[in-house]
Number of protein chains: 2
Amino acid sequence: MTGPGRVPQYRRLYEILKRHIAEGIYREGDLLPSENELCQLYSMTRPTVRQSLGKLAGEGYITKHQGKGSIVHQFPRDIGILSISGTTTAVGDRNLKTRIIVRPVIKPWPDDFMFALSELEKESGCVYMERLRLLDDSPIFFDISYITNLNLPRITSRQFENRSLFQILREHYGVEVRGGEQRIRAIPASGRTGRFLGIARGQPVLHLERKMETSVNGLFLYSSIYCNTIKYSIFGRF
Amino acid sequence: MTGPGRVPQYRRLYEILKRHIAEGIYREGDLLPSENELCQLYSMTRPTVRQSLGKLAGEGYITKHQGKGSIVHQFPRDIGILSISGTTTAVGDRNLKTRIIVRPVIKPWPDDFMFALSELEKESGCVYMERLRLLDDSPIFFDISYITNLNLPRITSRQFENRSLFQILREHYGVEVRGGEQRIRAIPASGRTGRFLGIARGQPVLHLERKMETSVNGLFLYSSIYCNTIKYSIFGRF
DNA sequence: AAATATTACTTGTATTTACAAGTAGTTTTT
DNA sequence: AAAAACTACTTGTAAATACAAGTAATATTT
């Protein structure tokens, strides 16, 4: 028995390799050590190593090529939940700030909410908040979040400034955000949205509507995100 | 020995289940047969079945829950351009038409091309074409494609009307499109783009810049896609 | 010199086996 | 009746093994 028990081995290797890629130990275009080499290096069997690499490949950190190896990609740097890339230069570990526009408050759901809600959710109401994310001091995301008000004591008094919402949910409530669905469209900026993002009313804004699942049954996290894509664009792999 | 040889078993099951979901044999929220049941039904071992389910989960057709099972998701009314399968397959049985705006021609690459090109690509030039995709007779995508002109004889004289570009590449040239990267932004419609999409000049349009990798080394497929997201939105899982 | 074959790598697919951990309904105990 | 324990399921993690298939460099043949 070698494992620490709680964290799966494949996840351990996944985290290590991801960190190495982020830190630039492996560079864009480099080949990762072969699966057999990784087996030896980390004392795992190939299926386990392959599980790690599969996860990395799924998220775009590497692409695998039969007979050749796994090629590293530098790009998917997440800023919060989204990956973005600059038009001129690549986004590294830039200066990302979060500003609270509306502090978390408990409210009923809006009447015309963007996703269908269960009865339980409707009864519980939601925690509402608005945040603005700035990259190098330019506003990029205006984020309106709705969290089902289910067993989240004292959430309205937490310190959200410059901290990830995901982080708070994980650390204080043991809630893991897993994934979800999203709709994307281009819309004209409203007066208010435009003001936050520094965009004239009516000018194009990227709008994302997301529903995220969590490890807690029935607890979902919704957000409506407006993006200023003049200088930066949303980046993704598929 | 039961397998037909060429198509992997896990892929066979993946295709079957995907078709069953698309056809509504499994409905939104249904539980798929358990992994052990699938093993028996299709004479496979559990790792193989899990490989199929993993692929389905990765593409958002199901979500897996430990101790419970795999829950089916249907893509009801949104267009899944964010998945590798391409527009034609993902939309399902809707009325999707393709109209050629500019027939394929061999050209040099534009000077300010949206992605970096290798020397080989620059020398080879590209096959250029413009297509308009209509969904239920409303124009939704205006698609400008660039394919590296590498060993694609007679491509300029192929019949592209109402056929997927991916399909032609696969059937006539044995080229499989695998995946790639994309950038998304909201931009104001130009006069020409707006005309094709039925949108006033300056109104918001979703713009995707994609680079797709293929099974052929050095052969990439680029496209610049303008989307009318007034009636439909781009849907994706993550 | 050029074409072909070999070789030593790489990842891909698949089986078999074992146990851990989460879920939900049933039974037993309190 | 309510709480606790049990049970029979589900998916998750992991090992050991085998062979297929793609890649690229080297060696051989033509």
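Letters A, B, ... are given to chains in the order of the sequence lines, protein chains preceding strands, and every chain is numbered from 1. What you see is a predicted model, and the numbers here were worked out from it, not measured in a lab.
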Residues passing the side chain to side chain contact (heavy atoms under 4.5 Å, CB included) test with B:I25, sequence neighbours excluded, are B:H20, B:E23

Extract from the structure each pairing of a protein N or O with an N or O of nucleotides 23-27 of chain D at less than 3.5 Å, listing the distance.
unit_1	atom_1	unit_2	atom_2	d
D:dT23	O4'	A:G67	O	3.3

Open item on the list: On the six-membered ring of B:F115, is B:R183 placed so that its NZ or CZ lies under 6.0 angstrom from the centre and within 45° of the ring axis?
Closed with: yes

So side chain to side chain donor-acceptor pair (under 3.5 Å) across residues 110-119 of chain B, not counting sequence neighbours, yields B:S118-B:E121

B:I71 CD1 to D:dT11 P, in whole Å, measures 11 Å

Separation of D:dA18 atom P from B:Q9 atom CD, nearest Å, is 20 Å

Check your understanding: Between A:Q40 and A:Y42, do the side chains contain an N or O donor and an N or O acceptor separated by less than 3.5 Å?
Key -> no

Separation of C:dC19 atom C1' from B:N36 atom CG, nearest Å, is 14 Å

Separation of C:dT23 atom P from B:L31 atom CG, nearest Å, is 13 Å

So the salt bridge (charged side-chain N to carboxylate O under 4.0 Å, His left out) pairs with at least one residue in residues 29-51 of chain B (sequence neighbours excluded) are B:E35-B:R46, B:E35-B:R50, B:E35-B:K64

Whole-Å distance, B:M44 CE to C:dT13 C1', equals 12 Å

Between CD1 of A:I62 and P of C:dT11 the distance, given in whole Å, is 9 Å

Discussion item. Does C:dG12 have its OP1 or OP2 closer than 4.0 Å to a side-chain nitrogen or oxygen of B:Q51?
Written reply: no

task: Measure from the ring center of A:Y146 to the ring center of A:F220 and say whether it is less than 6.0 Å.
output: no

Between the side-chain atoms of A:R46 and the base atoms of C:dG12, is any donor-acceptor pair under 3.5 Å? yes

Rounding to the nearest 10°, end axes of the helix from C:dA1-D:dT30 to C:dT30-D:dA1 built from five pairs each make an angle of 0°

Rounded to whole Å, the CD-P distance (B:E37 to D:dA8) equals 17 Å

Phosphate OP1/OP2 of D:dT13 contacted by A:T48 side-chain N/O (<4.0 Å): no

Of C:dG12, D:dA14, D:dG12, the nucleotide closest to the side chain of B:R50 is D:dG12

- Query: Any luck finding a side-chain donor-acceptor pair between B:S70 and B:H65 under 3.5 Å?
  - Reply: no

Whole-Å distance, B:Q40 CD to C:dT15 C1', equals 16 Å

Result for 5'-nearest mapping on DNA chain C, choosing between B:P47 and A:S34, is A:S34

Only residue of A:E209, A:K211, A:R210 satisfying side chain to side chain donor-acceptor pair (under 3.5 Å) with A:Q182 is A:R210

Those residues at least two apart in sequence (or on a different chain) that pass side chain to side chain contact (heavy atoms under 4.5 Å, CB included) with A:T48 are A:Q9, A:Y10, A:M44, A:T45

Side-chain contact check for A:E35: nearest option of C:dG12, C:dT16, D:dG12 is C:dG12

